[in-house]
Amino acid sequence: MGELDILYTLKMIIIGLVQGFTEPIPVSSSGHVMIASEILGIGEQGFTFAILTNTASLLAILYIYRKDIFRLINNSVAYLKTKNSRYKSDFYFICFIVIGTIPAGVLGILLNDFIGENVSMTTIALMLFVTGIALWLIRNMKGTKDESDLSIKDAFIVGLGQAVALTPGISRSGATIISSIAVGMKQDTALRFSFMLYIPVSLGGVVLGFADFLHEPNKADLAVPYLAAFISTLLMTYFAMKWFMGIMKNGKLVYFTYYCFIVGTLLLIFF
């Protein structure tokens, strides 16, 4: 591997770390990847790279929530078989995840060719301000709803929040957590529901983009840097998610308001 190849691989590792760190938190991972790419002078990353790093983040989230996922699936199957009320809330929770996935799924398919096009640093900055304002508005909300208290209306509203996050620069986790808290969920329930919604949407993106990944013309040349980015994204997403879960548990979501305002301002000044 030549010196230039090593440098490029190091840059890909940095991009992977940025993707992994910002995927779970409410600050727009795609926007931060664009900022990091601009700073490192490597230009916008392709769709194949996005699919690869998204898959890495997805695997980390699946691992963290593996017990919840197995419980929900097992109890939902048990409810369908027995109609035992003890399994009802888990079955309904999966139904709510499906309902919440629909808005983003439909818009994602319809607007696939337009999403992410012509995104400027100004757009990212403005969307960070929007996210920061929304986080500020819900900073003192103390919800009371847990998984058993959710309704179809709640799931659909949060699903609309996820659909809004298709807008470049809007954080998916931010939009869904804000929407969840706004409809009255407890913060731990909001966090869990947000990332359960992430799983089907992310899986759908991986499936839809798999053909593009297979037809990537430079797979052999990019194998090492892309593998390095994949591993760094996987590990960083895991640790960032664990850290963010602690932030949510302590009710410190407002910290990200200040972050969004600061980064948004810096982008407007320097880009």
Side-chain angles (χ1 to χ4, degrees), residues 14-40 44-45 49-50 53-54 56-58 60-61 64 104 115-116 119-139 141 158 161-182 187 190-195 197-198 201-202 205 229 232-271:
I14 294 172
I15 296 295
L17 292 173
V18 171
Q19 159 67 26
F21 182 70
T22 56
E23 181 60 55
I25 64 178
V27 297
S28 177
S29 60
S30 60
H32 278 72
V33 166
M34 288 185 63
I35 295 169
S37 299
E38 182 74 17
I39 293 173
L40 292 172
E44 187 175 350
Q45 302 308 303
F49 183 84
T53 52
N54 181 71
S57 290
L58 173 62
I61 300 300
I64 289 172
I115 295 171
V119 182
S120 67
M121 290 297 166
T122 301
T123 299
I124 295 172
L126 293 177
M127 292 305 101
L128 283 171
F129 282 124
V130 170
T131 301
I133 291 169
L135 288 168
W136 178 259
L137 291 175
I138 57 97
R139 70 192 184 283
M141 290 186 180
V158 178
Q162 183 161 249
V164 169
L166 294 172
T167 305
I170 292 289
S171 164
R172 191 217 63 85
S173 65
T176 51
I177 289 172
I178 290 166
S179 301
S180 296
I181 292 175
Q187 290 209 355
L191 181 67
R192 189 160 48 252
F193 191 61
S194 169
F195 284 96
L197 280 178
Y198 168 76
V201 168
S202 183
S232 62
T233 301
L234 177 68
L235 295 175
M236 183 54 80
T237 301
Y238 175 82
F239 289 113
M241 185 66 197
K242 286 291 189 178
W243 173 72
F244 184 54
M245 291 169 81
I247 293 287
M248 288 288 290
K249 184 177 181 180
N250 294 322
K252 303 298 184 181
L253 195 59
V254 70
Y255 289 166
F256 295 101
T257 293
Y258 310 132
Y259 177 86
C260 288
F261 289 159
I262 291 170
V263 175
T265 301
L266 291 174
L267 287 176
L268 290 178
I269 294 172
F270 294 105
F271 290 93

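- The OG1 atom of T53 lies 11.5 Å from the CG atom of L17; values are rounded to the nearest 0.5 Å.
- Remark: the backbone N or O of G246 is paired with a side-chain donor or acceptor of N250 at under 3.5 angstrom.
- Between Y255 and K252 the shortest side-chain heavy-atom distance falls below 4.5 Å.
- Minimum interatomic distance between P24 and S173 (heavy atoms only, all atoms of both residues): O-OG, 3.1 Å.
- Here the closest non-hydrogen pair linking A229 and F49 is CB-CE1, 3.6 Å.
- Considering every non-hydrogen atom in both G264 and L128, the closest pair reads N-CD1, 4.0 Å.
- Inspection of the S171 and S28 side chains reveals no N or O donor paired with an N or O acceptor under 3.5 Å.
- Rounded to the nearest 0.5 angstrom, M34 CE and F271 CZ are separated by 10.5 Å.
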(request) Take M127 and I124 through the side chain to side chain contact (heavy atoms under 4.5 Å, CB included) test and state the conclusion after the steps. (result) CA-CA 5 Å; M127 292 305 101; I124 295 172; 5.9 Å; no
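- Heavy-atom minimum distance, G161 versus A175: O-CB, 3.2 Å.
- If you take OG on S194 and CD on Q187, they are separated by 12.0 Å, rounding to the nearest 0.5 Å.
- Side-chain contact between R139 and T257: absent, with no pair of heavy atoms (C-beta onward) separated by less than 4.5 Å.
- Heavy atoms only, all atoms of each residue included: I181 and M141 are closest at CG2-CB, 3.7 Å.
- Separation of atoms CG (L191) and OG (S180) is listed at 9.0 Å; rounding is to 0.5 Å.
- No hydrogens or angles considered: a donor-acceptor pair under 3.5 Å links the side chains of S120 and T123.
- Here the shortest heavy-atom pairing between A104 and Q162 reads CB-CG, 3.8 Å.
- Judged purely by atom type and a 3.5 angstrom limit, T233 uses its side chain to pair as donor or acceptor with the backbone of G16.
- Taking the centre of each ring, F244 and F256 come in below the 6.0 Å mark.
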(message) Could you go through M121 and F270, starting from their C-alpha distance and side-chain angles, then the distance that decides it, and tell me whether this counts as side chain to side chain contact (heavy atoms under 4.5 Å, CB included)?
(response) CA-CA 10 Å; M121 290 297 166; F270 294 105; over 6 Å; no
(request) Would you sort out whether F21 and W243 count as a ring pair (Phe, Tyr, Trp, His ring centres under 6.0 Å), showing the intermediate values? (result) CA-CA 10 Å; F21 182 70; W243 173 72; 5.7 Å; yes
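- Inter-residue side-chain proximity for T176 and F193 is flagged as unmet; no heavy-atom pair is nearer than 4.5 Å.
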(request) Run the numbers on I177 and M248 for side chain to side chain contact (heavy atoms under 4.5 Å, CB included), then give the verdict. (result) CA-CA 10 Å; I177 289 172; M248 288 288 290; 3.9 Å; yes
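- Side-chain contact between L137 and I133 is present, with at least one heavy-atom pair separated by less than 4.5 Å.
- Remark: the T237 side chain and the S57 side chain contain an N/O donor-acceptor pair separated by less than 3.5 Å.
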(message) Quick one, L267 with T122, criterion side chain to side chain contact (heavy atoms under 4.5 Å, CB included). Give me CA distance, side-chain angles, the key distance, then yes/no.
(response) CA-CA 7 Å; L267 287 176; T122 301; over 6 Å; no
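- Atom-to-atom distance recorded for M236:CE and Q19:CD is 11.5 Å, nearest 0.5 angstrom.
- Interatomic distance, L253 CG to I178 CD1, rounded to the nearest 0.5 Å: 7.0 Å.
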